[in-house]
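Order of the sequence lines fixes the chain letters, A, B, ..., with proteins taken first and strands second; residue numbering starts at 1 for each chain. Nothing here was measured: the structure is a model prediction, and the numbers come from that model.
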There are 2 protein chains.
Amino acid sequence: MTERATPSVDGLVIGILGGTGDQGRGLARRLALAGHQVIIGSRSRERAEAAAQQTGHGVRGLANRDAAREASLVIAAVPWEGHAELLTSLAGELAGKIVVDCVNPLGFDQRGAYPLPVAEGSAAQQAAALLPDSRVVAAFHHVSAVLLLDPGVDAIDLDVLVLGDDREATDLVRALAARIPGVRGIYAGRLRNCGQVEALTANLVSINRRYKAHAGLRVTDI
Amino acid sequence: MTERATPSVDGLVIGILGGTGDQGRGLARRLALAGHQVIIGSRSRERAEAAAQQTGHGVRGLANRDAAREASLVIAAVPWEGHAELLTSLAGELAGKIVVDCVNPLGFDQRGAYPLPVAEGSAAQQAAALLPDSRVVAAFHHVSAVLLLDPGVDAIDLDVLVLGDDREATDLVRALAARIPGVRGIYAGRLRNCGQVEALTANLVSINRRYKAHAGLRVTDI
């Protein structure tokens with residue numbers, strides 16, 4: 001699996017838009033533990049600051065726009081409902097940057113989770129359409145927020161599938177994912193193949209329900 | 001993972017429609033090695049017999065219709081292009097039986113594989129719509145035909161995701177998958193969540209190309 005030199009992710013300042021949710025705070029915690037400067041963004045600066053304080057490890061909180069401006073790499077962890085609007089409003093701040101989309105467009109009913117139709121094919125493709133001057137990568141869809149946030153969990157048994165059309169950007173995000181102990185970042189295709197990766201989160205919800213687990217995926221033979 | 005008693009799959013006669021392809025022959029080989037009677041079906045009885053002879057281990061070859069009639073459980077391993085037509089034509093023979101759909105509706109171009117749109121949502125949902133009197137389960141989408149066919153490979157490092165709306169049928173197919181050494185059969189949701197499991201095969205194609213692998217998936221934490 002050592003196909004190329006691993007790009008350095010040292011010194012990256014990571015902004016997490018919509019970072020006050022469990023997924024955002026969990027990623028903030030793990031990436032701060034890995035030594036990164038991390039900024040949680042939120043519509044409300046006050047809520048961002050509160051989430052940052054709760055997360056600890058030097059994480060800061062800012063309004064989404066300021067988080068986008070200060071960060072060198074931005075993770076979009078917003079709810080699907082606010083995805084298009086937020087990215088559109090920040091297209092200027094996000095220009096030239098790697099934007100990592102980890103949004104899963106899912107609906108929920110009594111029978112569990114199911115994928116919502118997305119006109120662009122996937123949340124990541126929607127991001128790429130709305131942010132023509134950014135380098136959109138998709139990753140971190142399947143990682144359990146519970147495990148990310150659990151201080152008793154040192155390593156996470158998971159491969160992060162990384163998708164995108166920009167080789168340098170996907171290589172960097174693979175290296176970033178690997179900063180979380182236990183995790184590998186695996187290239188898993190172009191953005192046109194992202195819809196099923198996002199939707200597969202519904203299957204993990206089904207698995208978790210059936211097996212009382214926090215299921216993740218490992219890719220075998222690599 | 002011992003949630004319920006494992007249903008017995010002893011004595012199942014397994015028919016594999018469109019079983020002359022690599023996937024069908026590979027499954028035939030592994031299930032015959034596990035002690036099952038296996039019948040490869042094909043449009044042409046002669047080609048079915050040739051594939052059966054090539055596969056060995058007591059596998060027989062019949063025309064698809066006769067394979068469907070003689071089998072107690074049927075695996076549909078036909079190309080997506082012929083899926084609807086074949087199942088429609090065999091609805092009578094398949095009534096009352098478990099039909100395991102392992103078809104991946106994919107297109108291929110210079111950049112690799114990509115999912116094809118399916119009006120019903122997935123190949124398995126199409127099968128369920130065409131076979132209202134059968135018990136449709138989806139499974140075996142991600143298993144590498146190369147590994148199934150390789151006599152040097154004793155165990156396969158893979159979880160087979162099993163989907164369906166009929167608990168007894170999915171339990172039985174999970175047990176059947178586990179007859180292949182190394183494999184676990186994992187319940188992964190209802191048929192409405194099958195489209196992304198089928199489409200994910202495109203990502204495995206991307207992974208195989210990048211890493212020169214025969215990638216499969218393992219579900220962690222169960």
Exercise for the section: State the CD1-OG distance between B/I186 and A/S206, to the nearest 0.5 angstrom. Expected result: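 Separation between the atoms: 13.0 Å.
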Exercise for the section: Drop me the distance from A/Q196's CD to B/Q196's CD, to the nearest 0.5 angstrom. Expected result: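 Separation between the atoms: 9.0 Å.
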Exercise for the section: Would you check if A/L217 and B/T220 make a side-chain contact, meaning some heavy-atom pair closer than 4.5 Å? Expected result: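 Heavy-atom side-chain distance check fails, nothing below 4.5 Å.
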Handout entry: Segment of A/R111 engaging chain B (4.5 angstrom heavy-atom cut-off)
Key =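 Backbone plus side chain of A/R111, per the 4.5 Å heavy-atom cut-off to chain B.
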[X] side chain to [Y] main-chain N or O, any donor-acceptor pair under 3.5 Å?
X	Y	answer
B/N203	A/G189	no
B/Y211	A/Y187	yes
B/N193	A/L200	no

Problem - Lys/Arg-Asp/Glu bridge criterion (N-O < 4.0 Å) met for B/K212, A/D221 - result: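 Looking at B/K212 and A/D221, the cut-off is not met.
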Exercise for the section: Considering only heavy atoms, give the residues of residues 131-148 of chain B separated from chain A by less than 4.5 Å, sorted numerically, with 'none' for an empty result. Expected result: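 If one takes a 4.5 Å heavy-atom cut-off, no residue of residues 131-148 of chain B lies near chain A.
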Handout entry: A/R192/B/D109 under salt bridge (charged side-chain N to carboxylate O under 4.0 Å, His left out): CA gap, chis, key distance, verdict
Key = CA-CA 12 Å; A/R192 69 172 179 172; B/D109 62 19; 2.9 Å; yes
